[in-house]
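Counting from 1, the numbers follow the sequence of the chain as shown.
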Amino acid sequence: QNMVQLYYPFEEEVRKMKKVLLGVFCLAALLVIARAQDKDQEKAMMAKVIEAGSPGEAQARLKGLEGAWKAETKMWMKPGDKAATSSGTSQFSWILAGRFLKQDFVGDWAGQKFEGLGYLGYDNVRKEYVNTWMDSMSTSLATSTGQFDEASAAIKEEGSFSCPMTGDKNKWFRSVWKIGGKDSHTYEMYTKDEKDKEFKSMEIIYKR
């Protein structure tokens with residue numbers, strides 16, 4: 001009986017210790033599983049980010065614009081005006097591993113040197129083409145977004161810019177970019193007159 005009394009407390013402590021160790025082991029196992037799941041989720045998230053951030057078919061449509069071009073520009077201030085013309089050269093080149101197409105434009109306008117810089121790409125998340133333009137005759141940044149129209153084989157966009165001639169801070173415009181082939185393409189821009197009537201305000205014909 002004395003022996004039982006002597007060892008009973010010890011056995012009770014052993015049982016308690018086993019429970020504690022079992023709990024620690026279970027917790028450790030859960031942590032390992034959680035970490036594995038976190039890593040799987042992290043890998044899945046990274047794969048999703050890479051896919052959404054990689055150029056694909058939409059960017060490939062712009063390949064026909066790549067290279068050097070001669071550009072002939074016509075501009076109309078209002079409907080019925082005689083077109084003001086100018087000429088220049090344009091270089092389209094890929095940047096950021098094929099994600100955006102950069103346009104460097106050099107020409108003349110009203111007897112002055114004219115320089116322009118544009119970026120054209122496709123936002124895989126928003127599912128739309130994005131376009132920005134800036135030049136040496138304005139402090140405005142023109143931005144537009146749109147879709148590729150299968151029927152006309154053109155990128156159609158809408159956007160706005162601040163106009164130094166009218167003072168309009170958000171002047172609306174739409175554009176039609178026809179990628180005709182490897183040797184030519186056309187950019188058309190449409191705005192609205194004082195009566196809110198739409199008219200073609202610019203046309204640029206690009207040729208090799």
Side-chain angles (χ1 to χ4, degrees), residues 53-56 58-77 83-149 153-192 200-208:
S54 299
Q59 288 80 9
R61 283 198 183 103
L62 306 177
K63 189 169 178 60
L65 300 175
E66 186 179 8
W69 303 83
K70 293 180 180 179
E72 297 295 330
T73 303
K74 293 180 180 180
M75 289 190 70
W76 297 267
M77 296 302 297
T85 62
S86 66
S87 60
T89 59
S90 182
Q91 178 72 41
F92 286 84
S93 55
W94 290 105
I95 62 168
L96 302 177
R99 288 170 174 81
F100 289 90
L101 197 59
K102 176 186 176 185
Q103 178 182 185
D104 290 290
F105 190 100
V106 178
D108 65 87
W109 186 255
Q112 297 184 31
K113 183 180 179 181
F114 177 84
E115 294 180 85
L117 176 63
Y119 294 94
L120 176 62
Y122 183 82
D123 189 323
N124 291 339
V125 177
R126 292 184 174 180
K127 305 297 182 186
E128 62 184 6
Y129 282 93
V130 292
N131 196 354
T132 63
W133 174 262
M134 61 202 88
D135 59 55
S136 59
M137 294 190 71
S138 171
T139 58
S140 172
L141 178 67
T143 61
S144 58
T145 60
Q147 302 293 331
F148 179 77
D149 180 60
I155 298 172
K156 296 184 176 181
E157 300 179 321
E158 290 190 23
S160 64
F161 64 96
S162 61
C163 181
M165 288 182 288
T166 64
D168 191 339
K169 295 180 180 180
N170 290 288
K171 188 172 182 62
W172 173 89
F173 75 95
R174 73 175 181 90
S175 63
V176 180
W177 208 320
K178 300 177 182 177
I179 307 174
K182 65 177 183 179
D183 294 323
S184 68
H185 64 96
T186 304
Y187 178 85
E188 297 175 347
M189 180 176 175
Y190 297 82
T191 54
K192 293 181 179 180
K200 183 193 286 189
S201 57
M202 183 171 65
E203 177 186 81
I204 306 175
I205 298 176
Y206 295 84
K207 292 184 178 180
R208 294 290 185 191

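Shown here are the ring pair (Phe, Tyr, Trp, His ring centres under 6.0 Å) partners of Phe161, two or more places apart in sequence or in another chain: Phe173. Under the side-chain contact (heavy atoms from CB on, under 4.5 Å) criterion, Ser136 pairs with Phe114, Glu115, sequence neighbours left out. For Lys113, there are no salt bridge (Lys or Arg N to Asp or Glu O under 4.0 Å) partners at least two apart in sequence or on another chain. Taking the ring pair (Phe, Tyr, Trp, His ring centres under 6.0 Å) definition, one finds that Phe148 meets it with nothing, sequence neighbours left out. Scored by the side-chain contact (heavy atoms from CB on, under 4.5 Å) test, Lys70 finds no partners at all (sequence neighbours excluded). The salt bridge (Lys or Arg N to Asp or Glu O under 4.0 Å) test applied to Asp168 returns no partner, not counting sequence neighbours. Among residues two or more places apart in sequence or in another chain, the salt bridge (Lys or Arg N to Asp or Glu O under 4.0 Å) test is passed with Lys156 by Asp149. The side-chain contact (heavy atoms from CB on, under 4.5 Å) check on Thr145 picks up Glu128, Val130, with sequence neighbours excluded. Every residue was checked against the ring pair (Phe, Tyr, Trp, His ring centres under 6.0 Å) condition with Phe100, not counting sequence neighbours, and none meets it. In this view, Ser160 and Asn170 satisfy the side-chain contact (heavy atoms from CB on, under 4.5 Å) rule, not counting sequence neighbours.
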**OP:** Could you walk me through whether Gln103 and Leu120 pass side chain to side chain contact (heavy atoms under 4.5 Å, CB included), step by step?
**Re:** CA-CA 8 Å; Gln103 178 182 185; Leu120 176 62; over 6 Å; no
Original post:
Please walk me through it: do Thr73 and Phe105 pass side chain to side chain contact (heavy atoms under 4.5 Å, CB included)?
Top reply: CA-CA 12 Å; Thr73 303; Phe105 190 100; 4.3 Å; yes
**OP:** Please assess Tyr119 against Asn131 for the test side chain to side chain contact (heavy atoms under 4.5 Å, CB included), listing each intermediate value before the final yes or no.
**Re:** CA-CA 6 Å; Tyr119 294 94; Asn131 196 354; 5.8 Å; no
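Among all heavy-atom pairs drawn from Ser162 and Ser138, the shortest one is O-OG, 4.4 Å. Listed here is the closest heavy atom pair of Arg208 and Gly64: NH2-O, 3.8 Å. The two atoms that bring Lys74 and Ala83 nearest to each other are CB-CB, 4.1 Å, heavy atoms only.
Asn124 places a side-chain N or O within 3.5 Å of a backbone atom of Ser54 that can act as its donor or acceptor partner. Tyr122 places no side-chain N or O within donor-acceptor distance of the main-chain N or O of Ala60, the cut-off being under 3.5 Å. Looking only at distances, a side-chain donor or acceptor of Gln147 sits under 3.5 Å from a matching main-chain atom of Lys127. A distance-only check finds no donor-acceptor pair linking the side chain of Ser144 to the backbone of Gly159 [under 3.5 Å].
Residue Thr139 holds its OG1 atom at 12.0 Å from CE of Met134, rounded to the nearest 0.5 Å. Put simply, OG on Ser201 and NZ on Lys192 are 12.5 Å apart, with the number rounded to the nearest 0.5 Å.
By the 4.5 Å heavy-atom criterion applied to side chains, Tyr129 and Leu62 are counted as neighbours. Taking 4.5 Å as the limit, every side-chain heavy atom of Thr89 sits out of range of all side-chain heavy atoms of Trp69.
Judged purely by distance below 3.5 Å, without hydrogens or angles, the side chains of Trp133 and Asp135 pair a donor atom with an acceptor atom.
A salt bridge (charged side-chain N to carboxylate O under 4.0 Å, His left out) check over residues 83-109, counting only residues at least two apart or in different chains, returns the pairs Lys102-Asp104.
The environment of Met77 atom CE is sparse: at most 12 non-hydrogen atoms of other residues, nucleotides or ligands sit within 6.0 angstrom.
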Atom pairs and distances, donor-acceptor, side-chain atoms in residues 175-189, under 3.5 Å, two or more places apart:
residue, atom, partner, partner atom, Å
Trp177, NE1, His185, ND1, 3.1
Glu188, OE1, Tyr190, OH, 2.8

